[in-house]
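First the structure, in the form of structure tokens, and then the observations on it.
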Amino acid sequence: MIRAILFDLDETLFDHRRAVAHAATRWMETVCPGHELLPEAPALWLDLEDKHLPAWHAGECSFAEQRRRRLREFCDRLGMPAPADPDAAFAGFLTHYEDAWAAFPDVAATLAALGDGLTLGVLSNGDPVQQEAKLRRLGLMDRMEVVLTPETLGAFKPAPECYLRAAAKLGLRPEEVLMVGDNLLLDAVAPARVGMHGVWLDRYRAEPSPAFASSGEPADSVVRVTTLRDLPGVLDGLDPCPADAVRAA
């Protein structure tokens, strides 16, 4: 029986991609008005997140330092001068990013449909201060009983102890917890490996990565949905056996 649902935040409840597109465009327009590569800025920023965040996750640098590295490479790749004060420059980006914070349209209705019988929380690899600020801005903080991050758990997704400690924080067994998020490995496959149920929220209808396809994981049991509106139905028909891979809801 599922007693709790843990949601990832960015690209699950919070429209991170939209906010980044707004911020990268506005910041670049301020720094280099009329730059010919302006249309490439949002996608490049997202690519550099994927490149530099793992160094912070691995303990190789601080959260602030991975931001500096991202910004320097962003400027270098676009042929822009490196900022003399990268922290101040990143603060300018953040102002635009925060201006665009918004929940996905399916969030409010889905949370209402889930009712009050389940414990709801967030399990994110993000910085706790920023993630809690997002939830407050989105009006979701009061709906979440826990906001779990590497700072509180001592581990990042997809480490097994991250999910096990999250379940323990809830006072539940892993099999009583459902994890929902946009990352196939972090939010569906890895939690399923420790006994949780995993739902992959595939908003952009992506295909599993080549790395996943060659990993040997079975492909018929982690639930795949394209909107959170499908989540109540997933709960109604959930297979009680822990899942390892991907199937459509």
Side-chain angles (χ1 to χ4, degrees), residues 6-12 14 16-17 19-20 23-24 27-28 31 40-98 122-135 146-169 179 181-194 196 198 206 208-212 214-215 217:
L6 290 174
F7 294 94
D8 178 58
L9 182 54
D10 294 354
E11 288 304 300
T12 299
F14 165 65
H16 175 67
R17 185 178 296 195
V20 163
W27 183 80
M28 194 169 168
V31 175
E40 299 180 18
L44 176 59
W45 191 275
L46 291 169
D47 287 345
L48 294 176
E49 285 183 358
D50 291 340
K51 178 179 179 179
H52 290 287
L53 278 168
W56 171 49
H57 296 172
E60 297 170 5
C61 69
S62 67
F63 182 66
E65 176 58 24
Q66 63 82 24
R67 283 179 163 180
R68 297 180 194 117
R69 294 178 182 181
R70 268 196 280 156
L71 188 61
R72 291 189 190 104
E73 184 169 353
F74 180 79
C75 292
D76 180 65
R77 296 268 293 273
L78 294 176
M80 298 165 57
D85 185 342
D87 292 335
F90 204 99
F93 170 86
L94 284 176
T95 297
H96 298 297
Y97 179 60
E98 292 170 5
V122 165
L123 175 56
S124 168
N125 269 353
D127 172 73
V129 174
Q130 186 178 63
Q131 300 304 70
E132 289 180 10
K134 289 174 184 175
L135 289 167
V146 293
V147 180
L148 302 173
T149 66
E151 185 169 288
T152 54
L153 298 174
F156 287 89
K157 299 183 287 186
E161 56 267 32
C162 176
Y163 311 102
L164 294 173
R165 291 170 187 170
K169 288 278 187 183
M179 179 76 212
D182 69 293
N183 188 292
L184 173 58
L185 172 62
L186 274 58
D187 302 316
V189 174
R193 287 172 179 163
V194 302
M196 284 186 179
S209 69
F212 176 81
S214 64
S215 68
E217 295 284 351

When rounded to the nearest 0.5 angstrom, what distance separates [atom1] in [X] from [atom2] in [Y]?
{"X": "L164", "Y": "M196", "atom1": "CG", "atom2": "CE", "answer": "7.0 Å"}
{"X": "N125", "Y": "L53", "atom1": "CG", "atom2": "CG", "answer": "9.0 Å"}
{"X": "Y163", "Y": "L123", "atom1": "OH", "atom2": "CG", "answer": "7.0 Å"}
{"X": "M28", "Y": "C75", "atom1": "CE", "atom2": "SG", "answer": "8.5 Å"}
{"X": "D182", "Y": "H16", "atom1": "CG", "atom2": "NE2", "answer": "9.5 Å"}
{"X": "L6", "Y": "S124", "atom1": "CG", "atom2": "OG", "answer": "11.5 Å"}

Could you check whether any side-chain heavy atom of [X] comes within less than 4.5 Å of a side-chain heavy atom of [Y], counting everything from C-beta outward?
{"X": "Y97", "Y": "V20", "value": "yes"}
{"X": "R67", "Y": "L94", "value": "yes"}
{"X": "V147", "Y": "T152", "value": "no"}
{"X": "R193", "Y": "P160", "value": "no"}
{"X": "P81", "Y": "V31", "value": "no"}

Does the pair V146 and V122 meet the rule for a side chain to side chain contact (heavy atoms under 4.5 Å, CB included), with working shown?
CA-CA 6 Å; V146 293; V122 165; over 6 Å; no

Donor-acceptor side-chain pairing of E65 and H52 below 3.5 angstrom:
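Looking only at side-chain atoms, H52 and E65 do not form any donor-acceptor pair under 3.5 Å.
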
Between Q66 and H57, do the side chains contain an N or O donor and an N or O acceptor separated by less than 3.5 Å?
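Distance-only check fails for Q66 and H57.
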
Check against salt bridge (charged side-chain N to carboxylate O under 4.0 Å, His left out), E40 and R77:
CA-CA 10 Å; E40 299 180 18; R77 296 268 293 273; over 6 Å; no

Minimum-distance pair of heavy atoms, taken over all atoms of [X] and [Y]:
{"X": "L153", "Y": "A166", "result": "CD2-N, 3.8 Å"}
{"X": "M179", "Y": "F7", "result": "CE-C, 4.0 Å"}
{"X": "A159", "Y": "A155", "result": "CB-CB, 4.3 Å"}
{"X": "E49", "Y": "P54", "result": "O-CD, 4.1 Å"}

For [X], check side chain to side chain donor-acceptor pair (under 3.5 Å) against everything at least two apart and list the hits.
{"X": "E151", "value": "none"}
{"X": "D8", "value": "T12, K157"}
{"X": "R165", "value": "none"}
{"X": "D10", "value": "K134"}

side-chain contact (heavy atoms from CB on, under 4.5 Å) partner of V189, the single match among D187, L186, L185:
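When D187, L186, L185 are each tested with V189, the side-chain contact (heavy atoms from CB on, under 4.5 Å) holds only for L185.
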
Output all residues satisfying ring-ring contact (aromatic ring centres under 6.0 Å, His included) with F74, sequence neighbours left out; order by chain, then residue number.
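Result, ring-ring contact (aromatic ring centres under 6.0 Å, His included) vs F74: W45.
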
Qualifying residues under ring-ring contact (aromatic ring centres under 6.0 Å, His included), relative to H96, sequence neighbours excluded:
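Residues passing ring-ring contact (aromatic ring centres under 6.0 Å, His included) with H96: none at all.
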
Would you say the rings of W56 and F156 are close, in the sense that their centroids are separated by under 6.0 Å?
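Close enough - the centres of the two rings lie under 6.0 Å apart.
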
Spell out, as yes or no, whether a donor-acceptor pair under 3.5 Å connects the side chain of W27 to the backbone of A89.
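Flag set: sc W27 to bb A89 pair under 3.5 Å.
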
Please determine whether side chain to side chain contact (heavy atoms under 4.5 Å, CB included) holds for the pair D87 and R68, giving the CA-CA distance in whole Å, both sets of side-chain angles, and the decisive distance to 0.1 Å.
CA-CA 7 Å; D87 292 335; R68 297 180 194 117; 2.8 Å; yes

